[in-house]
Amino acid sequence: MAEKTAPARAVAERKRHTILMVSDFFYPNFGGVESHIYCLSQCLISLGHKVVIMTHSYGNRSGVRYMSNGLKVYYIPWRPFFLQNTLPTFYLTLPIMRNIFIRERISVVHGHQAFSTLCHEAIMHARTMGYNVVFTDHSLYGFADIGSIHMNKVLQFTLADVNHAICVSHTSKENTVLRSGLPPEKVFVIPNAVDAAMFNPAPKRLNCDEIVIVVISRLVYRKGADLLVEVIPEVCNLFPNVRFIIGGDGPKRLRLEEMREKHSLQDRVSMLGAVPHAQVRSVLISGHIFLNSSLTEAFCIAILEAACCGLLTVSTRVGGVPEVLPDDMVVLAEPVPSDMVLAIKKAIDRLPSIDPHAMHLRIKNLYSWHDVARRTEIVYDRAQRCSDENLLQRLSRYLNCGAWAGKLFCIVMIIDFLFWQFLQWWQPSEDIEVVPDLMRAGCGRGGDDAGRQC
Amino acid sequence: MSKIACSDSRYTYYREIRNGSLQTIDVHEIIVARSNGRIIFLCASILLLLLHQESQVIYIVGALLLSILVIISSQLRVVQKERVVIMPAFGVQLETYYWSGRVSRRLLSVGKILRPVLNEIVTPVRCYWSLALVLDGHEELMPVFQESQPPVKMLAPIWKALCAATGGEE
């Protein structure tokens, strides 16, 4: 009998997890968090784990749906009330969540996005019921305004008892640790990735006689749309052979259109409106330079997608952006119009030396969803090794959240615990049927889906 | 004639295969146990609420009458058992028996049933399995069990029998 090699033994010894991803943000909504959850889930399934997703209902999309590779999605019939978030009820989601945790035999609950109320409630209920919990923060938040103060207090409450947290950049880790008071050793940094199979350069390199600068983002204040209003006329004035393509929609679109009219740039600035995600690549490959003017970004998948398509990136030096791309693929600038114009000039000068296909290959090697999934798997294994604690031991962590807030959080958790005990009596766990595991035999350990990045 | 049974705290499942002269009739029966505990809890809550507010005789009598009314009305609507009678060459009859003695029956011809399906129903507070029929010419599914929610271990053999009778693949 052939002896197992050390790597094979290690693979065999790795535990199979049943992961519940919880967030208010998922398909049919489209964005960074949504695609992160989907791609990560698909890669975890290819590693042999079972993944179930829980989100709120979207219109008529309510109940259970199945996506590729047996990815099961629960669309809970709780309607969103503000910015795609479920109404925060504290305790009313406990029955349905308990039901799902038991019937799917969940081993790890993984919440996404600090702004998701469903995520916070899931983490609270999961800890009450003794499940291991991991939280991923996708955004940076401030400290000074009233909204941020409240959000940070909620985060402090939620993360007081979480097993581990994941941030998408080192800047984001620092931000999360400061906001929540979580010990840094509990926080892992796992960056986002890009589907290199979907974002590849144009087969033929574009002519540099006319330089096209592409902007694709939501046209909101946070994404620096006001900066664009200042930068675009200046660049068009300095460089007669430059034109802009702007994709995206939002409240600042009117300002950009007014700018276009005021400076008579209708033939040099094209406004495409909202661009479906499936068409983003075709817009990107029509340009030479990608311009990102965000005022805050934890990671910025957009510049990664642009670099993967072979575009040279000009971006504001904010948040986690400097950590994303190597120096030769990005030109960074301060978020002021004059510095951004200088950065665009540098990028135009650097264009002849850019090889889009070489850039694509480098990004493909640097970022991969399979790598993200393997690193996330390590976090799950660490979370499983955390010791089980009873309610009294856990309450001491909530007490540290503040003089008054700590006591309030303790009361909330005690009521949650009592409600859970009532549910254990009203509907015992034995009465909740376990769902049979219908994963395909082909989704085994170590098997990558051929020709599919995520 | 053969009988197979399994049960849990709320439901008891019987299967009876009757070999008739013309064809075999497959009868699946789900008997619902009476849930007295919940009725007592409900009545006790009403009594406590009313007696807490007033201690006069008229209110006590009113509370008692209300409790009796609640018990009777709940019993009248309560399902005693539900039955699925499968006649392979003919059709499927869905029957619901209430404690009041009322019986509701619906006959579906085999040709009208496209496929029986096992669904997971998600409500704001729980999830459960449900057996339903996809009918020709109907947009909505028809639940096989209108009132009760038996567990999937009881629904699975009924689903298999319906698949066999309607010629669908499992």
Side-chain angles (χ1 to χ4, degrees), chain A residues 20 22 52-58 60-66 70 72-81 86-106 118 121 125 419-420 422-438, chain B residues 6-13 30-45 48 74 115-134 138-145 148-160 163 169-170:
Chain A
L20 179 71
V22 186
V52 179
I53 295 175
M54 181 164 69
T55 184
H56 63 73
S57 61
Y58 289 83
N60 288 335
R61 184 178 284 266
S62 177
V64 174
R65 297 285 189 276
Y66 286 90
K72 187 172 181 179
V73 186
Y74 281 87
Y75 289 94
I76 309 300
W78 287 86
R79 291 295 168 123
F81 87 111
T86 325
L87 180 71
T89 59
F90 279 99
Y91 305 115
L92 294 186
T93 49
L94 177 55
I96 182 68
M97 287 189 182
R98 173 178 172 262
N99 213 290
I100 292 172
F101 292 167
I102 293 171
R103 74 199 309 266
E104 297 290 345
R105 286 180 293 184
I106 299 298
L118 196 68
E121 291 192 12
H125 298 320
F419 188 25
W420 173 53
F422 170 73
L423 286 176
Q424 294 272 69
W425 168 77
W426 183 261
Q427 189 184 26
S429 306
E430 299 75 40
D431 289 351
I432 298 173
E433 295 175 286
V434 170
V435 172
D437 197 349
L438 299 174
Chain B
C6 72
S7 66
D8 66 7
S9 56
R10 277 206 77 195
Y11 300 100
T12 305
Y13 164 61
I30 302 279
I31 298 173
V32 184
R34 277 203 196 200
S35 176
N36 293 324
R38 292 173 194 224
I39 295 169
I40 292 167
F41 176 79
L42 191 64
C43 295
S45 307
L48 276 169
S74 65
R115 192 173 182 86
V117 290
L118 278 171
N119 274 337
E120 289 178 89
I121 308 291
V122 182
T123 71
V125 290
R126 59 184 283 245
C127 299
Y128 59 92
W129 289 92
S130 166
L131 179 59
L133 301 171
V134 181
H138 284 68
E139 275 184 11
E140 291 190 359
L141 299 176
M142 163 167 283
V144 170
F145 296 102
S148 53
Q149 294 162 8
V152 74
K153 64 180 178 187
M154 297 178 191
L155 294 176
I158 305 172
W159 171 72
K160 284 181 185 174
C163 285
E169 291 174 7
E170 291 181 16

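Labels below follow one simple rule: chain letters A, B, ... track the order of the sequence lines, proteins then strands, and each chain is numbered from 1.
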Evaluate whether atom CZ of F90(A) has more than 12 neighbouring non-hydrogen atoms of other residues, nucleotides or ligands under 6.0 angstrom away. no
Euclidean distance, E433(A) CD relative to L155(B) CG, rounded to 0.5 Å: 7.5 Å
Can you tell me how far the CZ atom of R126(B) sits from the CG atom of L423(A), to the nearest 0.5 Å? 12.5 Å
Is it true that K72(A) and E120(B) have a side-chain N and a carboxylate O under 4.0 angstrom from each other? yes
Taking atom SG of C127(B) and atom CZ of R98(A), what is their separation to the nearest 0.5 Å? 12.0 Å
Between Y74(A), W78(A), Y75(A), the one whose heavy-atom pairs under 4.5 Å with chain B are most numerous: W78(A)
I want to check something: taking the side chain as every heavy atom from C-beta on, are S62(A) and V122(B) in contact at a cut-off of under 4.5 Å? no
Report, as yes or no, whether the 6.0 Å neighbourhood of atom CZ on R105(A) holds more than 12 heavy atoms from other residues, nucleotides or ligands. no
Compare every heavy atom of P124(B) with every heavy atom of P77(A), then report the nearest pair and how far apart it is. CG-N, 3.6 Å
Given that the side chain runs from C-beta out, which part of L94(A) has a heavy atom under 4.5 Å from chain B: side chain, backbone, both or neither? neither
Within the structure provided, determine whether R103(A) and Y128(B) are in side-chain contact (heavy-atom separation under 4.5 Å). no
Applying a strict 4.5 Å limit to non-hydrogen atoms, the region of E430(A) in contact with chain B is neither
Could you state the interatomic distance from CD1 (I76(A)) to OG1 (T123(B)), rounded to the nearest 0.5 Å? 9.0 Å
